Amino acid sequence: MNDLQLNPDGSLRHFLSIEGLKPALLEQIIETAASLEQVAKRAVKKVPVLRGKTVMNLFFEPSTRTRTTFEIAAQRLSADVINLDVQTSSTTKGESLLDTLKTLEAMHADMFVIRHHESGAATFFARHAAPGVSVLNAGDGWHAHPTQAMLDMFTIWKHKPRFDRLKVAIVGDILHSRVARSQIHALNLLGAMEVRLIAPQTLLPEQPESLGVHVYHNMEEGLRDCDVVIMLRLQKERMQGAHLPGGDEYFRCYGLTEARLQHARPDCIVMHPGPMNRGVEIASSVADGPQSVILEQVSNGLAVRMAIMAMVLGGQHEVRP
Ligand code: CP
């Protein structure tokens with residue numbers, strides 16, 4: 001994978017997966033996001049890093065946060081942005097992914113941001129992209145959602161900059177979550193003290209310990225002394241069989257309530273990549289409560305996506321906010 005996503009000098013050519021990247025690169029994304037964040041506070045929220053470049057957003061699955069923040073991020077970097085409406089595109093007439101790529105490349109695209117229900121779709125695009133064209137993975141099947149993981153790391157870093165002191169719990173539907181997979185790799189690369197997964201057996205991947213995590217099936221035990229808790233949505237659209245107890249029972253066993261949160265450290269932050277299902281995995285009083293940083297995650301997505309786009313297309317030495 002890294003042969004594909006890195007240039008020979010180790011800089012980013014594509015951004016497809018966290019797995020296998022060097023910690024220094026993740027730290028560089030965080031530092032670049034921190035420096036670009038202040039662009040949003042200016043009267044004119046633009047920098048010329050991607051002036052003259054064309055970014056195409058291709059979302060084959062629904063999205064609110066990722067698609068919109070990628071679009072705003074590209075605009076803030078002064079790129080021209082095209083959002084392909086997949087529902088009215090010629091993919092509905094049977095045009096293949098490869099023909100779609102080549103057709104859009106013929107319009108001189110410089111970067112594709114792709115979300116697709118098939119694991120590996122972004123990698124497929126990157127393998128077939130012309131020289132000089134970059135691909136960013138905005139979520140592929142069950143595989144990876146690397147920009148989400150990086151905005152989550154940026155959010156954690158802003159509240160708790162010493163990863164080596166952190167106990168982080170990821171709770172819920174780990175099995176179907178590309179977000180969780182990318183978060184686990186990122187937390188391990190950044191040296192988190194302990195990564196815990198809290199879930200019923202049916203919502204865990206096979207051999208989860210091989211990912212470098214500790215597994216809990218009980219919320220109170222798993223949350224004990226945690227610094228960060230990340231709640232996940234039940235990905236019902238990816239479930240083919242009955243993996244689960246009903247909604248009420250799931251919330252009773254694995255929902256994050258104010259009472260349960262008290263088992264974590266008093267300054268524990270609560271995260272959720274969204275979209276949330278209130279009353280299924282998280283109580284509204286927690287989602288909207290003082291420890292929640294859920295809307296900060298959304299804002300941080302802008303700075304992190306600006307940083308990654310700038311590093312990929314702007315050249316890692318040319319990112320000047
Ligand atoms: N977290 C996330 O990917 O949200 P969207 O599906 O709204 O993009």
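Counting starts at 1 for both ligands and their atoms, following the listed order. The structure presented is a predicted model; accordingly, all values stated were derived computationally and were not measured.
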Contact (N/O only, under 3.5 Å) between Ser63 and ligand 1: yes
Starting from atom 2 (C) of ligand 1, find the nearest protein heavy-atom neighbour and note its residue, name and distance. Thr66 OG1, 3.5 Å
Show me the donor-acceptor pairs within less than 3.5 Å that the side chains of residues 264-272 make with the rest of the protein, sequence neighbours left out.
{"from": "Arg265", "atom 1": "NE", "to": "Asp227", "atom 2": "OD1", "distance (Å)": "3.1"}
{"from": "Arg265", "atom 1": "NE", "to": "Asp267", "atom 2": "OD1", "distance (Å)": "3.4"}
{"from": "Asp267", "atom 1": "OD2", "to": "Lys160", "atom 2": "NZ", "distance (Å)": "3.3"}
{"from": "His272", "atom 1": "ND1", "to": "Gly274", "atom 2": "N", "distance (Å)": "2.9"}
{"from": "His272", "atom 1": "NE2", "to": "Glu281", "atom 2": "OE2", "distance (Å)": "2.8"}

Nearest protein heavy-atom contact for atom 6 (O) of ligand 1: which residue, which atom, what distance? Arg115 NH1, 2.9 Å
Out of Val113, Thr66, Val55, Asn83, which residue meets the side chain to side chain contact (heavy atoms under 4.5 Å, CB included) rule with Glu71? Asn83
Any side-chain heavy atom of Met276 sitting closer than 4.5 Å to one from Ile294? yes
Looking only at protein heavy atoms, identify the closest one to atom 4 (O) of ligand 1 and say how far it is in Å. Arg65 NE, 3.1 Å
Considering the heavy atoms of Thr64, write down every atom of ligand 1 situated less than 4.0 Å from one of them. 5 (P), 7 (O), 8 (O)
Below 3.5 angstrom, do we get any N/O pair linking Pro275 and ligand 1? no
Only one of Arg67, Glu118, Arg115, His116 passes side chain to side chain contact (heavy atoms under 4.5 Å, CB included) with Glu61; say which it is. Arg115
Measuring from the heavy atoms of Gly139, does anything fall under 4.0 Å of ligand 1? no
Within 6.0 Å of CZ in Arg165, more than 12 heavy atoms from elsewhere: no
Lys/Arg N to Asp/Glu carboxylate O, Asp80 vs Arg51, below 4.0 Å: no
Identify, with sequence neighbours excluded, every residue that meets side chain to side chain contact (heavy atoms under 4.5 Å, CB included) alongside Ile82. Thr54, Met56
among protein heavy atoms, the one nearest atom 1 (N) of ligand 1 is Pro273 O, 2.9 Å
Does His145 reach ligand 1, in the sense of a heavy atom lying below 4.0 Å from it? yes
